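Report on the following structure.
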Amino acid sequence: MAREYDVEAVERKWQERWRDEETYEVDNDDPRPSFYALCMYPYPSGAAHQGHVRNYTFGDLIVRYQTMLGKAVLSPFGFDSFGLPAENAAIKTGAHPREFTEARIVELKSSLTRLGAMYDWRREVRSHDPSYVRWNQVIFERLLEAGLAYRSNALVNWCPGCQTVLANEQVLADGTCERSGDVVIKRDLEQWFLRITAYADELLEGLDALEWPERVKTMQRNWIGRSEGCELDLVVEGRDGSDGRAPLAVRVFTTRPDTGFGMTYAVVAPEHPLLDELITDSQRAEVDDLVARAATETEIERTSSSGGPGALDKRGAFTGSFVRNPFTGSPIPLYVADYVLMGYGTGAIMAVPAEDERDWAFAQLHGLPIVRTVAPPEGWDDSGGGAYSGEGTKINSGFLDGFGIAEAKVRAIEFLEAAGLGERKVNYRLRDWLISRQRFWGCPIPIIYCPEHGAVPVPEADLPVLAPDDVEFLPTGQSPLAHHAGFLHTTCPTCGGPAERETDTMDTFVDSSWYFLRFCDPFDSSAPFDPGAARRWMPVDQYIGGIEHAILHLLYARFFTRALIDVGLAPGLPREPFHRLFTQGMIRMGGSKMSKSKGNLVAPEKYYGTVGADGLRLFHLFVGPPADDFDWTDQTEEVIDGCGRFLERLWRLETAELAVRDGAATEADTEVRREVHRTIEAVTGDFERWSYNTAVAHTRELVNLLTRYIHSDGGVNAAVVQEALDSVLLLLAPMTPHVAAELWERRHPDAAALHAQRWPTFDPALVRASTVTLVIQVNGKLRDRLEVDPGIEEGEATALALASAKVVDALGGAAPKRVVARPPRLVNVVV
RNA sequence: GCGGACGUGGCGGAAUGGUAGACGCGCCGGGUUUAGGUCCCGGUCCCUUCGGGGGUGGAGGUUCGAAUCCUCUCGUCCGCACCA
């Protein structure tokens with residue numbers, strides 16, 4: 001495309017200028033009011049793709065806009081540089097993950113610079129830097145001291161493809177790994193956990209005050225999954241302790257203690273620890289068969305079914321044992337069934353078929369009795385109607401009869417507490433965070449195992465524990481560290497005896513849970529960050545990232561911030577790290593996300609020689625609401641070309657020879673001024689509410705008007721045209737920074753650069769129009785439009801409306817029944 | 001199954017309960033160059049007897065007035081999913 005300005009030269013010039021003049025570096029003692037703008041730090045996968053471009057265009061707009069508002073804007077950047085792709089590449093090519101990763105970082109940085117996105121690179125943080133690893137390990141040890149990190153044997157999610165353990169959050173609903181897509185299997189391993197559940201309630205309640213997208217908050221609420229109910233013991237028949245043997249009971253969790261009188265059987269999960277003891281000889285074969293099948297089946301087969309709850313066969317077997325219903329005192333059969341999950345509650349339930357759909361299905365299948373404890377509404381088909389879980393009056397429930405459900409719950413719990421059989425209990429879906437990974441390219445867990453002293457933390461003075469470089473990358477299912485004698489064998493810090501190092505590394509979500517704090521003060525070599533510096537910048541004023549991090553990263557970071565405060569590393573910090581969150585939409589192509597793995601990337605480099613970084617940025621801002629997904633189609637190229645054409649028109653407008661006219665301002669001059677100020681008002685409002693597509697549209701409207709104005713026959717007023725042309729550049733400064741800065745410099749060679757200017761303000765008096773269009777409706781239908789004074793009174797507006805020939809016509813002689821006047825915009829005459 | 005979001009021209013999308021379709025892409029017509037896939041101007045929701053009439057997935061409702069609020073319904077997308 002032929003251009004009137006040399007895009008690449010102009011963009012390069014300004015990128016160098018901003019770098020050399022340190023325009024976007026900010027010191028911690030900067031006296032201006034602070035603003036912390038942050039895009040989620042990326043995994044360095046190489047050159048930026050369109051998703052990055054969109055993301056960093058929004059971020060850069062905010063940085064430049066807030067700077068023009070007079071703020072000290074903290075705009076740091078870093079890399080989530082530990083992770084699987086580098087290690088997989090190492091297994092494939094033999095190159096060390098560090099080399100691979102650092103090469104990708106160089107590529108990504110250069111892409112961002114080419115886009116014109118501005119950061120304070122002095123503050124760059126990389127997860128794999130020894131300095132970052134060190135503080136990661138220090139933090140881990142502090143959490144350990146505080147009891148927030150612990151080691152436990154657990155049934156864990158093992159991904160055969162990634163050859164590592166996954167957190168629950170990394171397993172998709174269909175039981176596959178979110179990263180590799182392999183079916184995840186269960187393994188029993190000794191692993192490290194972080195006690196995020198200690199903060200479950202606080203993490204839930206804190207959501208209310210956050211300016212986050214509602215759907216992200218909803219996702220986190222669902223993930224935490226708080227439910228109130230009670231736990232109670234079901235004493236096993238014949239094992240109440242009266243025969244001298246230890247008493248035995250099955251503990252269950254329920255949210256419906258009020259339905260206790262309807263409990264006609266109980267169920268334990270196939271993995272339940274007491275199960276073996278509860279199986280009678282006659283039932284053993286049947287139960288073993290069921291348990292074996294449950295163990296070999298994948299999560300997907302067992303818990304997912306197209307029809308949802310109740311659609312799956314309720315496979316189960318009688319254990320042979322009975323437990324006592326504490327409400328009725330009667331024995332009820334104890335089953336094992338795979339619809340009860342060991343991972344939730346106590347792994348055992350009291351089954352009430354009348355009020356629970358799943359229990360109903362199971363009871364039907366196994367011929368178990370059904371006793372209603374809530375009267376279903378009129379017309380409920382009592383036999384075929386199935387479980388009724390709605391509101392109603394208690395029946396068949398002894399001392400609970402006649403109460404509503406809420407009251408009955410309270411009384412049922414009081415009864416259980418009095419009998420010493422149970423108590424109120426809040427249960428969460430949220431599990432503790434498993435952070436052990438059997439991988440090399442991550443932060444080593446700084447623990448030494450001594451035969452004498454067990455798991456001993458590496459003394460802080462000896463941190464960081466770094467992985468050795470001379471390792472072999474083989475797909476063994478264990479970290480290469482486990483085969484490296486030099487790393488593995490060490491001495492116990494406590495007794496000096498021979499000991500072995502932990503060879504697992506931490507989940508990379510640990511790294512990303514506090515990097516935003518390190519950004520506040522990455523220069524400190526005596527602490528992860530200086531609490532004073534962190535207090536200066538935190539919380540992040542505007543956090544920007546993809547919706548894919550709605551649960552994992554954002555929940556972990558919220559937990560970490562609280563934990564760091566509570567272990568004393570971050571005194572006085574706000575407990576919520578991200579005040580405002582924006583999740584931008586994905587770029588899709590052909591129905592799926594545009595990504596390297598899908599092979600449907602459209603490289604940004606393609607456009608730098610034609611429309612430039614500015615043209616591409618303008619496109620991403622203009623094409624739709626930032627929160628919405630965007631479909632990249634055949635039409636997209638033409639829209640991008642259109643953005644390039646706009647910048648060329650802008651160039652011609654700003655550099656045009658003007659036919660300046662002397663004398664008083666004309667009506668046309670005043671109208672231009674008015675539109676300039678209206679546009680400033682509109683764009684400022686658009687920026688504040690993330691409506692960048694309309695900000696671009698408003699700016700284009702003004703440019704269209706000015707183009708007509710400077711070509712109008714009468715010539716232009718010098719002051720009016722100067723103000724207008726300057727304002728356009730100021731408004732475009734955050735959106736298309738290079739071309740705007742260049743044109744500004746040409747117009748004002750001796751003034752301060754564009755991006756050092758203040759954001760323009762509008763004159764409210766000017767914004768108020770000299771005339772507005774008064775819409776006249778008859779019965780809500782548009783009949784006439786009148787140009788009126790904006791200060792018009794209701795009476796005058798009504799009079800004008802009724803005098804309108806078109807209104808008289810439409811009324812056809814009928815008398816108006818009512819006149820609704822909303823001056824100065826509208827009058828509605830009702831007959 | 002539960003929860004959430006969203007349905008507006010050929011397309012992306014605008015519209016504090018008050019002129020539906022801003023801005024742009026595409027398309028149509030005209031002009032300048034005429035080598036243009038450049039640039040400029042005009043048009044572009046549908047119907048129309050040129051007075052108007054209809055129109056925001058569908059059906060109702062609230063209101064002087066509804067794309068916007070409410071109810072039902074259809075469809076698309078997202079999240080969760082045997083969570084006791």
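Computed from a predicted model, the values in this text were never measured in an experiment. We name chains A, B, ... by the order of the sequence lines, and we start the count at 1 in each one.
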Nucleotide nearest A:Asp338 when distance is taken to its side chain, options B:rC78, B:rC82, B:rG54: B:rC82
Any A:Arg429 side-chain nitrogen or oxygen under 4.0 Å from OP1 or OP2 of B:rA81: yes
Any N/O pairs under 3.5 Å between the protein and nucleotides 22-32 of chain B? List them or say none.
residue: B:rA22; atom: O2'; partner: A:Glu701; partner atom: OE1; Å: 3.3
residue: B:rA22; atom: O2'; partner: A:Glu701; partner atom: OE2; Å: 3.4
residue: B:rG24; atom: OP1; partner: A:Asn704; partner atom: ND2; Å: 3.0
residue: B:rC25; atom: OP1; partner: A:Arg645; partner atom: NH2; Å: 2.7
residue: B:rC25; atom: O2; partner: A:Gln635; partner atom: OE1; Å: 3.0

N-glycosidic conformation, B:rG9 - syn within 90 degrees of 0, else anti: syn
Integer angstrom distance from the C1' of B:rG26 to that of B:rC70: 39 Å
Duplex segments of RNA chain B, taken as runs of at least three Watson-Crick or G-U pairs that stay under 3.5 Å: B:1-7 with B:74-80, B:10-12 with B:23-25, B:26-31 with B:39-44, B:45-47 with B:52-54, B:57-61 with B:69-73
Within-4.5 Å side-chain heavy-atom neighbours: A:Arg256 and A:Asp356: no
Salt bridge (charged side-chain N to carboxylate O under 4.0 Å, His left out) partners of A:Glu211, counting only residues at least two apart: A:Arg580
First of A:Phe253 and A:Val827 reached from the 5' end of RNA chain B, by closest nucleotide: A:Val827
Heavy-atom side-chain proximity of A:Asp208 to A:Arg221 below 4.5 angstrom: yes
Side-chain heavy-atom pair A:Met589, A:Gln50 within 4.5 angstrom cut-off: no
Length of the CE-P vector between A:Met219 and B:rA81, whole Å: 11 Å
Note, A:Ile332 side chain near A:Val323 side chain (heavy atom, < 4.5 Å): yes
Contact under 4.0 Å: A:Lys806 side-chain N or O vs B:rG52 OP1/OP2: no
Rounded P spacing from B:rA22 to B:rG31 in Å: 27 Å
Residue A:Pro625, side-chain atoms from C-beta onward, closest of B:rA15, B:rA14, B:rU19: B:rA14
4.5 Å side-chain heavy-atom contact, A:Glu637 and A:Tyr607: yes
Member of A:Val827, A:Asn828, A:Leu786, A:Leu782 meeting the side-chain contact (heavy atoms from CB on, under 4.5 Å) criterion with A:Val775: A:Leu782
A:Asp359 side chain reached by A:Phe362 side chain, heavy atoms, under 4.5 Å: no
Ring geometry between A:Phe261 and A:Phe327 (parallel below 30°, tilted from 30 to 60°, perpendicular above 60°): tilted
Protein-nucleotide distance (A:Leu782, atom CG; B:rU19, atom C1'), rounded to Å: 6 Å
When you compare the protein's N or O atoms with those of nucleotides 42-51 of chain B, which come within less than 3.5 Å of each other, and at what distance?
none

Ion pair A:Asp631/A:Arg588, N-O distance below 4.0 Å: yes
Rounded interatomic separation in angstrom, taking OH from A:Tyr344 and P from B:rA81: 12 Å
4.5 Å side-chain heavy-atom contact, A:Leu647 and A:Val611: no
Sugar-phosphate, base or nothing in reach of A:Arg689, heavy atoms under 4.0 Å: sugar-phosphate
A:Arg256 CZ to B:rA84 C1', straight-line distance once rounded to whole Å: 11 Å
Whole angstrom value for the distance that separates P of B:rG79 from CD of A:Glu548: 11 Å
Spacing of A:Leu650 atom CG relative to B:rC39 atom P, expressed in whole Å: 15 Å
Rounded C1' spacing from B:rC82 to B:rC6 in Å: 30 Å
Separation of the P atoms in B:rG57 and B:rA66, to the nearest angstrom: 15 Å
Heavy-atom check, side chain of A:Thr699 versus side chain of A:Met735, under 4.5 Å: yes
B:rG51, syn or anti by chi within 90 degrees of zero: syn
Name every donor-acceptor pair, under 3.5 Å, that has one atom in a side chain of residues 688-697 of chain A and the other anywhere in the protein, sequence neighbours excluded.
residue: A:Glu688; atom: OE2; partner: A:Tyr65; partner atom: OH; Å: 2.7
residue: A:Arg689; atom: NH2; partner: A:Asp686; partner atom: OD1; Å: 3.0
residue: A:Trp690; atom: NE1; partner: A:Gln542; partner atom: OE1; Å: 3.3
residue: A:Ser691; atom: OG; partner: A:Thr694; partner atom: OG1; Å: 2.5
residue: A:Thr694; atom: OG1; partner: A:Asp686; partner atom: OD1; Å: 3.2
residue: A:Thr694; atom: OG1; partner: A:Asp686; partner atom: OD2; Å: 3.4
residue: A:Thr694; atom: OG1; partner: A:Ser691; partner atom: O; Å: 2.9

Rounded distance in Å between the P positions of B:rG7 and B:rU68: 10 Å
Sugar-phosphate only, base, or nothing, as touched by A:Lys817 at under 4.0 Å among non-hydrogen atoms: nothing
From CA spacing to verdict: ring-ring contact (aromatic ring centres under 6.0 Å, His included), A:Trp223, A:Tyr556: CA-CA 12 Å; A:Trp223 192 263; A:Tyr556 292 150; 9.3 Å; no
Pairwise C1' distance for B:rA15 and B:rG21, with rounding to whole Å: 9 Å
Table of protein N/O atoms under 3.5 Å from nucleotides 61-65 of chain B N/O atoms:
residue: B:rC64; atom: OP1; partner: A:Arg818; partner atom: NH1; Å: 2.9
residue: B:rC64; atom: O2'; partner: A:Asn828; partner atom: ND2; Å: 3.2
residue: B:rC64; atom: O2; partner: A:Asn828; partner atom: ND2; Å: 2.6

Gap between atom CD1 of A:Ile349 and atom OH of A:Tyr339 - 0.5 Å precision: 4.0 Å
Atom-pair distance (CH2 on A:Trp651; P on B:rC39), nearest Å: 17 Å
Sugar-phosphate only, base, or nothing, as touched by A:Thr773 at under 4.0 Å among non-hydrogen atoms: base
Residue met sooner reading RNA chain B from 5', once A:Arg783 and A:Thr218 are mapped to nucleotides: A:Thr218
Distance between C1' atoms of B:rC47 and B:rA59 (Å, rounded): 24 Å
d(CG, A:Leu365; P, B:rC82) in whole Å: 19 Å
From A:Leu210, A:Ile551, A:Thr583, residue fulfilling side-chain contact (heavy atoms from CB on, under 4.5 Å) relative to A:Val216: A:Thr583
Rounded distance in Å between the P positions of B:rC40 and B:rC50: 38 Å
Sugar-phosphate, base or nothing in reach of A:Val775, heavy atoms under 4.0 Å: base
